[in-house]
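First the structure, in the form of C-alpha cells, and then the observations on it.
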Amino acid sequence: MTLKEKYPINLHNTLSGKKEQFEPIHEEYVGMYVCGPTVYSDVHLGNVRTFLNFDVIYRYLMYVGYKVRYVRNITDVGHLESDADEGEDKIAKKARLQQLEPMEIVQQYTNDFHDVLKQFNILPVSIEPSATGHIVEQIEMVQQLIDKGLAYEVNGSVYFDVSKYDKDHNYGKLSGRKIEELMESGRTLDSQDEKRNKIDFALWKKASPTHIMRWPSPWGEGFPGWHLECTVMSTKYLGESFDIHGGGMDLIFPHHECEIAQSVGSTGKEPVKYWLHSNMLTVNGQKMSKSLGNSFLPRELFAGTHQLLQKGFSPMVVRFFMLQSHYSSTLDFSNEALIAAEKGYKRLMEGYKVSKNLPFEQNDVDGELETKTKELIDGLFLNMGDDFNTAKTLAVLFEITTMMNNFKTGNIKTGYLTQETFAELVSRYQGFITEVLGLREEAETSNDLLNGVIEVLMKLRQDAKEARDYQLSDKIRDDLKNLGIVLKDSKEGTEYSIA
RNA sequence: GGCGCUGUGGCCGAGUGGCUAGGCAGAGGUCUGCAAAACCUUUUACAGCGGUUCGAAUCCGCUCAGCGCCUCCA
C-alpha cells in the first residue's frame with residue numbers, strides 16, 4: 001500500500017464549503033494552479049504567506065507519492081490600478097513613473113520574487129507562465145466567448161456578459177454572491193457606459209493612444225483583462241478540468257468567480273475540482289496590504305529595520321512561525337510572536353540535529369513505547385492529511401523532539417523500540433521537517449578555520465576547569481556567548497552552536 | 001447595506017460534544033564548580049447571556065467586540 005492510499009487527504013473546498021476527501025481526476029497525477037503575483041512592486045510578507053502555504057501543500061502531495069504539475073503564473077499585463085475598467089495598468093504605470101520599459105519592471109520584480117521565495121525555501125514550480133506570453137491564446141478564448149454569445153464588443157473592448165451567463169449557470173457560486181445583489185451594491189462610475197451591466201468584466205481592453213503595452217487583435221490594438229490569463233494558462237497546461245486551484249482569500253471575488261465563468265462559458269466544463277484559499281496575514285488584526293501601508297518587506301524583516309521589530313528574523317524562523325498556524329486562519333504578525341517562534345524553531349532544529357547522530361542499540365522492546373511511537377508516526381500523516389494542518393503536525397514533531405532528546409540523554413534507550421520502528425521514526429521525523437515543511441538549518445558556519453578556533457578555546461576552557469580556574473573558564477564561556485557562540489556541556493562532552 | 005469569518009490560559013496558536021494540542025514565558029526538580037543546554041514535573045483557558053444534551057469551550061439563538069470581501073490586493 002502506498003502512502004497516499006494509506007493516508008487519504010481531506011481538504012476544505014471553498015466551492016462546497018466542506019471538507020472533502022481528495023481524489024485526483026487522474027490517479028497519481030495532480031494538477032495544481034496558484035495565482036501568482038502581479039510583478040509591479042516588491043512582494044511583501046502577506047504575499048509570501050500564500051506561496052508558502054501552497055509550497056507545503058505541493059511538498060506534501062509529492063511526499064505521499066503524487067506526481068504534481070504545479071503551475072503558478074506571473075501577471076505582467078492587464079492588472080489595472082483601481083476599478084477593473086477605469087484604472088491604469090499597474091505595470092504600465094510603474095514603467096511610466098520610472099521611465100523604464102514595462103518588461104524591465106516585470107523582469108526586475110520577477111527576479112526579486114524568485115529571490116525572496118528561494119530565501120524562504122519555497123520550491124520552484126513546474127511551469128511559471130506569464131500573461132504576455134499567452135496573448136494569442138487569450139485572444140482565442142475571447143473569440144470563443146463572443147461566438148457563444150457570452151461576450152460582446154464595444155469600441156474595441158470586449159466584456160463578459162455576466163447576466164447572460166447567469167441564466168444557464170450560477171455566477172457567484174464560489175463566493176456566495178447573488179447577481180441581483182451585486183447589481184445593486186457597489187459604486188457606480190460615470191464612464192461605465194461601455195458595459196451593459198456594471199458587473200460585466202473586461203476580457204479585452206482597447207489600448208489608448210499612449211498605452212505602451214498593446215497587441216493587435218480582431219478588435220483593434222489592446223491588451224487582455226486580468227481574469228483571463230489564469231483561465232487560459234491553467235487550461236493550456238493543466239487541461240479544461242484540473243484538481244486544485246489556490247490563491248489568497250481576497251481573490252475569491254471577483255477574480256476566481258470570473259475564472260469559473262470564463263471556463264464554463266468557453267469549454268462548458270467545470271474547471272476546478274478543489275478550490276483552496278489561504279487566509280490573510282494581519283498586523284494588529286488588520287490585513288497586511290500595500291494600500292494600508294502596514295506591509296513588511298522580506299528584507300526589512302531579515303534586517304530588523306522595520307519600526308515594529310526589535311530585531312531581525314531569519315527566513316526559516318518566519319517560515320516556522322507561519323507553519324504554526326493553519327493556512328485557512330488569519331495569522332497576526334508581531335514582534336513577540338516571532339521571538340517565541342525563533343526559540344521554538346531552534347529547539348526543533350536541535351532535535352533534528354540530535355536525530356542525525358543516534359545509534360541504534362538493541363535492547364528489550366517496550367511494547368507501550370513501540371505502540372505510542374507508531375501512533376506518532378501516523379499522527380504526522382493524519383494531521384497533514386487533515387486539510388494540511390501544519391500546526392498539529394508541528395505539535396507531533398515536538399513530541400518526537402522530546403523523544404529524540406531522551407534518546408540522546410539515555411533516558412530512553414533506542415532499543416526500547418524495534419530497529420524497524422526506530423528507523424522509521426527517525427526518517428519520518430527528518431522527512432517531515434525538511435521535505436514536507438521545508439525547514440532547513442540556518443546557514444551554520446561551515447568555516448573550518450572558525451570551527452578549529454572554537455575547538456581550541458573549548459580545550460583551553462576544559463583545561464582551566466580541571467585546574468579549577470573557574471574565572472578563566474567562565475570568561476571563555478561568557479565571551480563566546482557574547483559573540484553568539486553558545487557552549488553546551490553534557491556528560492558526553494561539550495558542544496557548541498552559533499546563533 | 002449584502003455575504004462571510006473570528007473571539008481559546010501571561011503571549012502566539014491548534015482543536016474538539018465527555019479523554020494532555022504544541023511553541024514561548026512562569027514555577028519546582030535532575031544534571032553542573034556555577035550556569036547554559038538537555039531531561040522530568042507543573043500553574044493559568046475556551047468573549048457574555050440563554051437554550052439543546054446525561055454532559056458543551058465544542059451544537060443552536062441572542063448580545064458585545066474585531067476582521068475580511070463586495071474597488072486593486074496573496
Side-chain angles (χ1 to χ4, degrees), chain A residues 17 34-38 40 43-54 79-87 90 172 175-178 180-182 184-187 189 199 226 246-255 277-282 284-292 295 320-321 324-326 328-334 336-348 350-351 354 379 383 386 389-399 401-402 404-406 408-412 465 468 470 473-474 477-478 481 486-491 494-497:
Chain A
V34 171
C35 290
T38 302
Y40 71 104
V43 284
H44 67 245
L45 246 24
N47 304 324
V48 170
R49 186 182 182 209
T50 297
F51 302 123
L52 175 57
N53 287 145
F54 286 102
H79 199 162
L80 303 183
E81 185 66 26
S82 58
D83 182 87
D85 304 309
E86 298 311 305
K90 288 184 180 214
S175 57
R177 318 245 157 173
K178 293 195 176 66
E180 309 82 51
E181 284 162 4
L182 288 166
E184 290 164 20
S185 69
R187 296 180 304 175
L189 287 164
I199 54 169
W226 174 44
M249 291 251 278
D250 49 359
L251 295 182
I252 294 175
F253 190 89
H255 187 56
H277 289 98
S278 169
N279 214 323
M280 300 292 106
L281 186 65
T282 61
N284 296 322
Q286 275 201 314
K287 175 180 172 179
M288 182 184 285
S289 77
K290 257 174 247 172
S291 51
L292 287 168
S295 62
F320 174 89
F321 165 71
Q324 277 186 300
S325 74
H326 191 254
S328 67
S329 302
T330 55
L331 171 64
D332 202 62
F333 191 78
S334 73
E336 294 71 31
L338 282 166
I339 288 172
E342 182 167 54
K343 291 182 181 168
Y345 165 74
K346 282 187 176 162
R347 181 167 138 75
L348 184 67
E350 284 300 315
V354 166
N383 287 314
D386 182 12
N389 196 324
T390 53
K392 282 183 92 172
T393 304
L394 274 173
V396 177
L397 287 172
F398 273 107
E399 284 189 57
T401 298
T402 300
M404 293 298 166
N405 287 329
N406 276 314
K408 186 190 177 193
T409 58
N411 271 0
I412 307 175
K465 278 170 76 169
R468 295 186 168 274
Y470 295 123
S473 68
D474 288 357
R477 182 178 71 196
D478 297 342
K481 192 180 177 189
V486 181
L487 301 186
K488 301 178 197 175
D489 296 332
S490 71
K491 281 182 180 158
T494 302
E495 294 172 357
Y496 65 91
S497 66

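Per chain, numbering begins at 1; letters A, B, ... match sequence-line order.
Pairing of B:C19, defined by two Watson-Crick or G-U wobble distances under 3.5 Å, is not identified with any nucleotide. Searching all strands for a Watson-Crick or G-U wobble partner of B:U32 with both distances below 3.5 Å returns nothing. With a 3.5 Å ceiling on both atom-pair distances, the Watson-Crick or G-U wobble partner of B:C49 is B:G61. Nucleotide B:C3 has B:G68 as its partner under the Watson-Crick or G-U criteria, with both atom distances under 3.5 Å. Taking a pair to require two hydrogen-bonding distances under 3.5 Å in either a Watson-Crick or a G-U wobble arrangement, B:C24 pairs with B:G10. Checking B:A37 for Watson-Crick or G-U wobble geometry (two distances, each under 3.5 Å) identifies no partner in any strand.
In this model, the phosphate group of B:A74 is not approached by any side-chain N or O of A:K290 to a distance below 4.0 Å at OP1 or OP2. Close to B:C40, at under 4.0 Å from its OP1 or OP2, lies a side-chain N or O of A:N406. A close approach under 4.0 Å does not occur between any side-chain nitrogen or oxygen of A:S329 and OP1 or OP2 of B:U6. Contact between the side-chain N/O atoms of A:K343 and the OP1/OP2 oxygens of B:A25 is found at a separation under 4.0 Å. Phosphate contact (OP1/OP2 of B:A25, side-chain N/O of A:R347, threshold under 4.0 Å): absent.
Side chain of A:K90, nearest nucleotide from B:G23, B:C72, B:A37: B:C72. Of the candidates B:A74, B:G23, B:G33, B:G33 carries the atom nearest the A:S473 side chain, counting heavy atoms from C-beta on. Nearest nucleotide to the A:Q324 side chain, out of B:A74, B:C34, B:G23: B:G23. Of all nucleotides listed (B:A74, B:C12, B:A36), B:C12 comes nearest to the side chain of A:F321. Side chain of A:T402, nearest nucleotide from B:G2, B:G33, B:C39: B:C39. Of the candidates B:G23, B:C72, B:C39, the closest approach to any side-chain atom of A:N405 belongs to B:C39. Residue A:L281 has its side chain nearest to B:A74 when only B:A74, B:C67, B:C72 are considered. Ranking B:G22, B:A37, B:G2 by closeness to the A:A395 side chain, first place goes to B:G22. Taking the side chain of A:F398 as heavy atoms from C-beta on, and the options B:A74, B:G23, B:G2, the nearest nucleotide is B:G23. Candidate nucleotides B:C70, B:A14, B:G22 were compared by shortest atom distance to the side chain of A:K392, and B:A14 ranks first.
Using a 4.0 Å heavy-atom distance criterion, A:T409 is classed as a sugar-phosphate-only contact. Residue A:L331 is in sugar-phosphate contact alone, with no base atom involved, counting any heavy-atom pair closer than 4.0 Å across all strands shown. A:F253 comes within contact range of the sugar-phosphate backbone alone, with a heavy-atom separation under 4.0 Å but no base atom that close. Across all strands shown, A:H277 has no heavy atoms under 4.0 Å from either base or sugar-phosphate atoms. Using a 4.0 Å heavy-atom criterion, one finds that A:L397 contacts no nucleic acid atom at all. At the heavy-atom level, A:A391 lies under 4.0 Å from base atoms of the strands shown. When heavy atoms are screened at a 4.0 angstrom cut-off, A:M249 is found touching no nucleic acid atom at all. Residue contacts shown for A:S334 are absent, as no nucleic acid heavy atom lies under 4.0 Å away. When heavy atoms are screened at a 4.0 angstrom cut-off, A:G46 is found touching base atoms of the nucleic acid. Residue contacts for A:T282: at a heavy-atom cut-off of 4.0 Å it reaches no nucleic acid atom on any strand shown. Here A:S289 lies in heavy-atom contact (under 4.0 Å) with a base. Residue-level contact check: A:K481 touches neither bases nor backbone, having no heavy atom under 4.0 Å from any strand.
Around NZ of A:K178, the count of heavy atoms belonging to other residues, nucleotides or ligands within 6.0 Å does not exceed 12.
For the atom pair A:N406 CG and A:T401 OG1, the distance stands at 11.0 Å (nearest 0.5 Å).
The gap from the P atom of B:U8 to that of B:U32 amounts to 44 Å, rounded to the nearest Å. Comparing B:G17 with B:U53, their C1' atoms are spaced 9 Å from each other, to the whole Å. Taking atom C1' in both B:U58 and B:G23, one finds a spacing of 23 Å when rounded to whole Å. On the C1' atoms, B:G7 is 15 Å away from B:A14, given to the nearest whole Å. Comparing the same atom, C1', in B:C34 and in B:U41 gives a spacing of 23 Å after rounding to whole Å. Atom P of B:C11 sits at a distance of 15 Å from the matching atom of B:U44, rounded to the whole Å. Taking atom C1' in both B:U43 and B:A27, the straight-line distance is 7 Å, to the nearest Å. A distance of about 16 Å separates the C1' atoms of B:C54 and B:C59, rounded to the whole Å.
When the nearest nucleotides of RNA chain B are assigned to A:N284 and A:L45 by heavy-atom distance, the more 5′-ward of the two goes with A:N284. Nearest-nucleotide mapping onto RNA chain B: of A:S490 and A:D332, the residue sitting toward the 5' end is A:D332.
Taking only distance into account, the side chain of A:D478 never meets the base of B:A35 through a donor-acceptor pair shorter than 3.5 Å. A donor N or O paired with an acceptor N or O is not found under 3.5 Å between the base of B:G15 and the side-chain atoms of A:N389. On a pure distance criterion of 3.5 Å, a polar donor-acceptor pair joins the side chain of A:R477 and the base of B:A35.
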- Message: With side-chain contact (heavy atoms from CB on, under 4.5 Å) as the criterion, how do A:R177 and A:I252 come out once you've worked through the C-alpha distance, each side chain's angles and the decisive distance to 0.1 Å?
- Response: CA-CA 11 Å; A:R177 318 245 157 173; A:I252 294 175; 6.0 Å; no
- Message: Run A:E495 and A:S490 through side-chain contact (heavy atoms from CB on, under 4.5 Å) and show every step you take.
- Response: CA-CA 8 Å; A:E495 294 172 357; A:S490 71; 5.6 Å; no
- Message: With side-chain contact (heavy atoms from CB on, under 4.5 Å) as the criterion, how do A:T390 and A:N53 come out once you've worked through the C-alpha distance, each side chain's angles and the decisive distance to 0.1 Å?
- Response: CA-CA 9 Å; A:T390 53; A:N53 287 145; 5.9 Å; no
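At distances below 3.5 Å, not a single donor-acceptor pair connects side-chain atoms of A:R49 with backbone N or O atoms of A:G248. Under a 3.5 Å cut-off, the side chain of A:N389 and the backbone N or O of A:K392 do form a donor-acceptor pair. Using modelled atom types, one side-chain atom of A:T282 and one backbone atom of A:L331 make a donor-acceptor pair closer than 3.5 Å.
If you take CZ of A:R468 and C1' of B:G33, they are 7 Å apart, rounded to a whole angstrom. When rounded to the nearest whole Å, the span between CE of A:M280 and C1' of B:G4 equals 14 Å. Atom C1' of nucleotide B:G23 and atom CG of A:L338 are separated by 13 Å, given to the nearest angstrom. Atom pair A:L251:CG and B:G68:C1' shows a separation of 13 Å (rounding to whole Å applied). At whole-Å resolution of the value, NZ in A:K488 and P in B:C34 are 21 Å apart.
B:G33 has its base stacked against the ring of A:Y470, the centroids being under 5.5 angstrom apart at an interplanar angle below 30°.
The shortest side-chain heavy-atom distance between A:T393 and A:V396 does not fall under the 4.5 Å cut-off.
For the residue pair A:R477 / A:T494, no side-chain donor-acceptor distance below 3.5 Å is found, with atom types taken as modelled.
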